[in-house]
Protein chains: 2
Amino acid sequence: MERIAVLPERERGVCCPPTIRLRPEKVAGTSEILKALADPTRLQMAIALRDAKEPLCICDFTATFDLSQPTVSHHMAKLKEAGLVEVTKRGIWSFYRLAPDLPAAGRRILEAIS
Amino acid sequence: MERIAVLPERERGVCCPPTIRLRPEKVAGTSEILKALADPTRLQMAIALRDAKEPLCICDFTATFDLSQPTVSHHMAKLKEAGLVEVTKRGIWSFYRLAPDLPAAGRRILEAIS
DNA sequence: GCAACGCATTGACGATTGTCAATGGGTATG
DNA sequence: CATACCCATTGACAATCGTCAATGCGTTGC
């Protein structure tokens, strides 16, 4: 990612379409992950799960954020749909943790955010 | 980001709200960056700019994607609003490049995606 | 059995988003 | 001046999103 200094010389009517190296499925998957993390609440939830020593439940986040329980549940479902999060039920609780089989793209993004 | 093995013991009515270490402004800024990258078209545009040896103009992307020029222009404006992209006008062209003063968060995220 | 708890789902609402057609402004060429 | 090119802005539209109230379901404790 080095600095680009000069502007290219261009001729009228001639464009330089960049070649897209990424496969469409890869683009879709990555943008799904990004979309899941692009909401402030979900971003904080994901970071909390990333940094947590133990799995967390919905009620933990309901206590943290000023949001209703259905809303928190809805956000967590989005993280799960994106493959970022995994759930284990025990008793009346649903424990959430970061997906252990997180794809490399997701892992790198999660490590990049702060 | 090590594996979490065991589930915590919980008591009814007692939750364990995670402590949010991130400042609210930081959360807002990062989620703005993520939101800007969360669209498939903008994701590909950002990656193209990241990997390009020279700045690119709007018409380059209009040729690449099957989208109207206003739409491409609109997407580029979103990347610019998020501080990811910088524009230099010369003649009839507007040349876009990755922002040289990209905040660390943005740079790490951009390097993480693929 | 019954009440309380934790959670997911549904339905509804305003807000935001992605897209295009239409338009206008600036710049080069003839 | 007139035309062609590149680009940004506006207005409009359907689609999606974030949120909550209401509801239902499974589990635990009395």
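Numbers restart at 1 for each chain; the letters A, B, ... are given by sequence-line order, proteins then strands.
- One can place NZ of Lys89(B) at 15 Å from C1' of dC5(D), the figure rounded to the nearest angstrom.
- With hydrogens and angles disregarded, a donor-acceptor distance shorter than 3.5 Å links the side chain of Ser31(B) to the backbone of Ala28(B).
- Not one N or O on the side chain of Arg10(B) forms a donor-acceptor pair closer than 3.5 Å with the backbone of Trp93(A).
- Nucleotides of DNA chain C nearest to Arg42(B) and Ile58(A) differ in position, and the one nearer the 5' end is that of Ile58(A).
- Near DNA chain C, meaning a heavy atom under 4.0 Å away, the residues from residues 59-76 of chain A are Cys59(A), Gln69(A), Pro70(A), Ser73(A).
- Using cut-offs of 30° and 60° on the angle between ring planes, the pair Phe61(B) and Phe65(B) is parallel.
- Trp93(A) places its CH2 atom 17 Å from the C1' atom of dA8(C), with the value rounded to the nearest Å.
- One can place CZ of Phe95(B) at 13 Å from C1' of dC5(D), the figure rounded to the nearest angstrom.
- Counting any heavy atom pair closer than 4.0 Å across all strands shown, Lys78(A) reaches sugar-phosphate atoms only and no base atom.
- Residue contacts for Arg10(B): at a heavy-atom cut-off of 4.0 Å it reaches no nucleic acid atom on any strand shown.
- For Leu43(A) and dC17(D), the CG to P distance is 17 Å, given to the nearest whole Å.
- Nucleotide dT19(C) holds its C1' atom 11 Å from the CG atom of Asp39(B), rounded to whole Å.
- In this structure, Arg12(A) atom CZ and dC7(D) atom C1' are separated by 13 Å, rounded to whole Å.
- The disulfide (SG to SG under 2.5 Å) pairs that include a residue from residues 78-114 of chain A number zero, where partners must be two or more places apart or lie in different chains.
- Residue Arg90(B) has no polar side-chain atom (N or O) positioned under 4.0 Å from OP1 or OP2 of dC6(D).
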> Lys78(B) and Glu81(B): salt bridge (Lys or Arg N to Asp or Glu O under 4.0 Å), yes or no, with the steps?
Replying inline: CA-CA 5 Å; Lys78(B) 291 247 179 175; Glu81(B) 281 172 28; 6.0 Å; no
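- To the nearest angstrom, C1' of dA15(D) lies 11 Å from NZ of Lys35(A).
- For DNA chain C, none of the residues of residues 19-34 of chain B falls under the heavy-atom distance limit of 4.0 Å.
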> Do Val72(A) and His75(A) pass the side chain to side chain contact (heavy atoms under 4.5 Å, CB included) test, and can you show the C-alpha distance, the side-chain angles, and the key distance before you say yes or no?
Replying inline: CA-CA 5 Å; Val72(A) 172; His75(A) 282 310; 5.8 Å; no
> Could you walk me through whether Leu84(B) and Leu37(B) pass the side chain to side chain contact (heavy atoms under 4.5 Å, CB included) check?
Replying inline: CA-CA 9 Å; Leu84(B) 292 171; Leu37(B) 294 172; 3.8 Å; yes
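- The separation between Ile92(B) atom CD1 and dC6(D) atom P is 5 Å, rounded to whole Å.
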> Under the side chain to side chain contact (heavy atoms under 4.5 Å, CB included) criterion, do Arg42(B) and Lys35(B) qualify, and how do the steps go?
Replying inline: CA-CA 10 Å; Arg42(B) 289 196 296 270; Lys35(B) 200 176 303 182; 5.6 Å; no
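- Residue-level contact check: Tyr96(B) touches the backbone only, with heavy atoms under 4.0 Å from sugar-phosphate atoms and none from bases.
- A donor-acceptor contact shorter than 3.5 Å is absent between the side chain of Arg108(A) and the backbone of Ser114(B).
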